[in-house]
Amino acid sequence: MENRTYTADAEPGDHVTVAGWVHEIRDLGGIAFLILRDKTGKIQIKFEKDEMDDDLVEAGLDASRESVVSVTGTVDEEPRAPTGVEVTPDGFEVIAPADPELPLDPSGKVDAELPTRLDNRTLDLRKPDVQAVFEIRAEVLRAVREQFRDEGCTEINTPKIVATGTEGGTELFPISYFGEEAFMNQSPQLFKQLMAGSGLEKVFEIGPIFRAEEHNTPRHLNEATSIDFEGAFHDHTEAMDVVEGIVTAAYEAVAENCQEELELLDLADEFEAPSGEFPRLTYEEALDRINATGELDEMLVYGDDLSTEAERVLGEEVGEHYFIVDWPSEIKPFYIKDYDDDAETSTGFDLMHPRMELVSGGQREHRYEHLVEGFEQQGLDPDEFEYYTKMFKYGMPPHAGWGLGGERLVMTMLGLDNIREAVLFPRDRQRLSP
RNA sequence: GCCCGGGUGGUGUAGUGGCCCAUCAUACAACCCUGUCACGGUUGUGACGCGGGUUCAAAUCCCGCCUCGGGCGCCA
C-alpha cells in the first residue's frame with residue numbers, strides 16, 4: 001500500500017494515511033474516538049461531531065470492530081490521547097468490513113479458551129501478547145541458525161516422506177505414495193547421520209517431524225519442529241557442548257532483541273539467559289537425588305526409566321537446565337553407542353528443562369557390524385535399512401548428535417502452559433484443521 | 001493404548017431436581033453524554049452439545065453418541 005504510515009511512526013505535524021483494524025470505538029456524545037491498531041501499535045482517531053463533515057463522522061462511527069480501515073488526516077500532539085498523539089481525519093475508508101459478531105475478542109476484554117483461539121487463529125494473533133510468542137519463536141530460530149553457522153555447521157533439508165521408519169518405537173503416519181506404502185518421517189535421524197559421514201561433516205536441520213502417538217497432553221504434538229544436529233568426529237560430550245551453546249544463544253538473543261515482546265508477556269523482569277554450562281548428572285546421581293527427596297512412593301532402582309513424576313521431582317530439585325548422562329544401555333536405543341570400556345552404559349544423554357525433556361542425543365554407533373547387529377536385536381530387518389547401513393561400509397567416522405524440540409524450547413522459555421500456544425496451527429489428537 | 005474431568009447466549013461464566021420462559025461480564029442494537037483510554041448511563045437482543053430414559057417436575061439424575069480438556073504410558 002502506497003504512502004501508508006505505521007501508527008508508531010506518525011509524528012505530530014505529519015499529514016498521514018494510517019491503515020489497520022478498528023480496535024474500539026468510544027462514543028462520548030459530541031466527541032468520539034476510534035482506536036486504530038496495526039502491527040506497530042495503536043493510534044487514536046478523533047471525531048468531533050459539530051466540527052466535522054457529517055458523512056465522515058458517520059462513516060467512522062459506523063465501522064464495526066476489527067474492520068480494516070484506512071484513515072487520512074493530520075497528526076497532532078495531544079496529551080489526553082493514550083499515545084500522546086491523535087489523528088484528526090479528513091478521509092476515512094472501510095477497506096474490509098468485519099462481521100459485528102466476532103468469534104473471539106481481540107481486545108482481550110473477554111478471554112477465550114485455547115480451542116476457540118486455535119479455531120480462529122487469525123483473530124487470536126491480533127492480540128499483541130499472542131503475537132509476541134511468535135515474534136520470539138522467530139527470533140529463537142534465527143539465533144539458533146546463526147549459532148549453528150558460527151560453529152561451521154551446514155543447514156540441510158531431508159525428506160519427510162520416507163519408505164521406512166527411523167528407528168522403530170514410535171508410531172508413524174502411513175501415506176500412499178503413488179500406490180506404494182510410505183510414511184511421514186518421525187525424525188531426520190538417519191539422514192543427518194548419513195550427512196555426518198559425507199563431506200559436510202557438521203550439519204543441522206530445522207524441520208517438521210511427525211509422530212502418530214495418541215497422546216493428549218500439554219507437551220506433545222503430532223507435528224513438531226525438530227532442531228537437529230549431527231557432527232562427525234564428535235563424541236557425546238562435544239555434542240552436549242554444542243547443545244549448550246544453541247540453547248544459550250537462543251535465550252541470549254531473546255533477552256537482547258525481544259524486550260518489548262517479553263514485556264507484553266510480563267516476563268521482562270524475570271527473564272534470564274542460562275549461564276551456558278548445564279550440570280551433567282549421571283543417571284545414577286539422578287536416581288539418588290530423586291530418591292533422596294522421598295517424594296516418590298517407590299524408590300527408583302538401577303534400570304528404571306524416569307517417569308514423568310520422577311522428572312518433575314528432579315526438575316524441582318535441580319532448578320535449572322541439566323543433562324542426564326550415562327544411562328543404562330538397555331533403556332536407550334540401539335543406534336546410540338555404548339562406552340567402549342563399559343558395554344552396559346550408553347553414551348546417550350537427555351537435556352532437561354525443570355519442566356520437561358528438551359533434547360535427546362548421544363554418540364552414534366558407527367561400526368557397520370554393530371549397527372546391523374543392533375537392527376537384528378530390535379527385530380528390525382536390516383535389509384529395509386540398507387540405504388542407510390551400507391554407507392557405514394565406506395568410511396563412516398565416529399559421530400554424535402541430538403534432536404531438540406523447537407516448541408518445547410519456546411514453551412519452557414516463556415512458561416507457556418500448553419505447547420499448542422507455541423505453534424500457529426497445531427496438529428494434535430483432535431485437531432487436523434485449521 | 002489405559003484412566004479421569006468437562007460441554008449453558010458470539011465469547012467467558014453462575015446455576016448440582018421445583019425458587020430458572022436461567023445469573024453476571026463482555027459483545028450486538030437503540031437512545032443520552034465534548035476527552036475517553038476496560039469510558040459511563042438507560043432499555044433491548046441472544047444460550048442449557050445431540051438422542052433416549054427416570055420423575056408430577058430435568059441445565060441439574062441415568063444411558064448412548066458427538067465433542068473438548070487433562071493424567072499416565074511413551075517421547076522432542
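Convention: sequence-line order gives letters A, B, ...; per-chain numbering from 1. Note: hydrogens, waters and symmetry copies are ignored here, and every other heavy atom, side chains too, is used.
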Query raised in the report: Hey, is the side chain of Ser360(A) poking within less than 4.0 Å of OP1 or OP2 on A76(B), counting only N and O atoms?
Result: yes
Query - Rounded distance in Å - CD (Glu113(A)) to P (G12(B)) - result: 5 Å
Query raised in the report: Distance-only, no hydrogens or angles: does the Lys192(A) side chain make a donor-acceptor pair with backbone N or O of Phe229(A) under 3.5 Å?
Result: yes
Query raised in the report: If you measure from the P atom in G10(B) to the same atom in A29(B), how many Å do you get, rounded?
Result: 16 Å
Query - Spacing of Phe173(A) atom CZ relative to C75(B) atom P, expressed in whole Å - result: 17 Å
Requested in this report: Using heavy atoms to find the nearest nucleotide of RNA chain B for Glu311(A) and Thr217(A) separately, return the residue whose nucleotide is more 5′.
Outcome: Thr217(A)
Requested in this report: Could you tell me whether Lys49(A) contacts a base, only the sugar-phosphate backbone, or nothing, with contacts defined as non-hydrogen atoms closer than 4.0 Å?
Outcome: nothing
Query - From Val359(A), Leu404(A), Val247(A), residue fulfilling side-chain contact (heavy atoms from CB on, under 4.5 Å) relative to Ile227(A) - result: Leu404(A)
Query raised in the report: C1' atom, U54(B) versus G17(B): distance in rounded Å?
Result: 12 Å
**Report entry** Whole-angstrom distance between C24(B) and G41(B), as gauged at atom P
**Finding:** 14 Å
Query raised in the report: Base, sugar-phosphate alone, or nothing: which one does Leu221(A) contact when heavy atoms must sit under 4.0 Å apart?
Result: base
Query raised in the report: Within the structure shown, what part of the strands sits under 4.0 Å from Ala32(A) by heavy-atom distance: base, sugar-phosphate, or nothing?
Result: nothing
Query raised in the report: Within this structure, what is the CZ-to-P distance between Arg65(A) and C28(B), rounded to whole angstrom?
Result: 5 Å
Report summary line: From CG of Asp111(A) across to C1' of A25(B) the rounded distance in Å is 11 Å
Query - Base partner of C72(B), which must satisfy Watson-Crick or wobble distances under 3.5 Å - result: G1(B)
Query raised in the report: What is the base-pairing partner of C24(B), counting Watson-Crick and G-U wobble geometry with both distances under 3.5 Å?
Result: G12(B)
Requested in this report: Over 60° means perpendicular and under 30° means parallel, so classify the ring planes of Tyr251(A) and Phe271(A), tilted if in between.
Outcome: parallel
Query raised in the report: Between Glu205(A) (CD) and A76(B) (P), how many Å, whole number?
Result: 15 Å
Query raised in the report: Quantified in whole Å, what is the P atom distance between nucleotide G69(B) and nucleotide U11(B)?
Result: 15 Å
Report summary line: The residue, Glu214(A) or Pro82(A), whose nearest nucleotide of RNA chain B is more 5′ is Glu214(A)
Query - Distance, P atom - from G9(B) to C2(B), rounded to whole angstrom - result: 31 Å
Requested in this report: Using only heavy-atom distances, decide whether a donor-acceptor pair under 3.5 angstrom links the side-chain of Arg431(A) to the base of C68(B).
Outcome: no
Report task. Describe the nucleic acid contact of Asp27(A) in one word from base, sugar-phosphate, nothing, applying a heavy-atom distance below 4.0 Å. Result -> base
Query - Asn418(A) vs G70(B): side-chain N/O to OP1/OP2 distance below 4.0 Å - result: yes
Query raised in the report: Quick one: do Glu171(A) and Arg211(A) make a salt bridge, cutoff under 4.0 Å?
Result: no
Query raised in the report: To the nearest angstrom, how far is Leu61(A) atom CG from C31(B) atom P?
Result: 12 Å
Report summary line: Winner on side-chain proximity to His215(A), out of G73(B), G70(B), C75(B), is G73(B)
**Report entry** Base-pairing mate for U42(B) - Watson-Crick or G-U, with both contacts under 3.5 Å
**Finding:** A30(B)
Query raised in the report: Short question: side chain of Glu151(A), backbone of Cys153(A) - any donor-acceptor pair under 3.5 Å?
Result: no
Report summary line: From the candidates G70(B), G35(B), C72(B), the one with an atom nearest any side-chain atom of Arg420(A) is G70(B)
Query - Out of G10(B), G71(B), G35(B), whichever nucleotide has its closest atom nearest the side chain of Glu86(A) - result: G35(B)
Requested in this report: Look through every strand shown and name the nucleotide pairing with G17(B) as Watson-Crick or G-U wobble, where both distances are under 3.5 Å.
Outcome: none
Requested in this report: Tell me what Ala112(A) touches on the nucleic acid: a base, only sugar-phosphate, or nothing, going by heavy atoms under 4.0 Å.
Outcome: sugar-phosphate
Report summary line: Lys127(A) NZ to G12(B) C1', in whole Å, measures 11 Å
Report task. Write down the distance separating the P atoms in A58(B) and C50(B), rounded off to the nearest Å. Result -> 16 Å
Requested in this report: Compare the minimum distances between each of G10(B), C72(B), G69(B) and the side chain of Pro115(A), then state the nucleotide with the smallest one.
Outcome: G69(B)
Query raised in the report: Looking at Arg219(A), does any N or O in its side chain come under 4.0 Å of the phosphate oxygens OP1/OP2 on G73(B)?
Result: no
Query raised in the report: A38(B) phosphate, OP1 or OP2: any side-chain N/O from Ser107(A) under 4.0 angstrom?
Result: no
Query raised in the report: For Lys42(A), which residues count as a salt bridge (charged side-chain N to carboxylate O under 4.0 Å, His left out) partner, sequence neighbours excluded?
Result: none
Query raised in the report: Quick one: is Lys109(A) getting a side-chain N or O under 4.0 Å of the A27(B) phosphate, OP1 or OP2?
Result: yes
Requested in this report: Between G71(B), U11(B), C68(B), spot the one nearest the side chain of Pro218(A), thanks.
Outcome: G71(B)
**Report entry** Atom C1', compared across A14(B) and C48(B): separation rounded to whole Å
**Finding:** 13 Å
Query raised in the report: Would a distance-only check, ignoring hydrogens and angles, find a side-chain to backbone donor-acceptor pair under 3.5 Å from Ser67(A) to Ser64(A)?
Result: yes
Query - Atom pair distance, as rounded to whole Å: NE2 in His220(A) and P in G71(B) - result: 10 Å
Requested in this report: Searching all strands shown, indicate the nucleotide that pairs with G35(B) (Watson-Crick or G-U wobble; both distances under 3.5 Å).
Outcome: none
**Report entry** Distance between P atoms of A47(B) and U23(B) (Å, rounded)
**Finding:** 12 Å
Report summary line: Taking a pair to mean Watson-Crick or G-U wobble geometry with both distances below 3.5 Å, U67(B) pairs with G6(B)
Report task. Report the nucleotide, chosen from G73(B), A76(B), U36(B), that has the shortest atom-to-atom distance to any side-chain atom of Leu28(A). Result -> U36(B)
Query raised in the report: When you measure from the side chain of Thr308(A), which nucleotide among U34(B), C72(B), C68(B) comes out closest?
Result: C72(B)
Side-chain donor-acceptor distances from residues 303-310 of chain A under 3.5 Å, at least two apart:
from: Asp304(A); atom 1: OD2; to: Val301(A); atom 2: N; distance (Å): 2.9
from: Ser307(A); atom 1: OG; to: Ala310(A); atom 2: N; distance (Å): 3.1

Query raised in the report: Taking Glu407(A) as the fixed residue, which of Arg420(A), Arg137(A), Arg427(A) is the one that meets the salt bridge (Lys or Arg N to Asp or Glu O under 4.0 Å) rule?
Result: Arg137(A)
Query raised in the report: Asp428(A) has a side chain; which of C33(B), G69(B), A38(B) sits nearest to it?
Result: G69(B)
Query raised in the report: Could a donor-acceptor pair under 3.5 angstrom be found where the side chain of Gln44(A) meets the base of U36(B)?
Result: yes
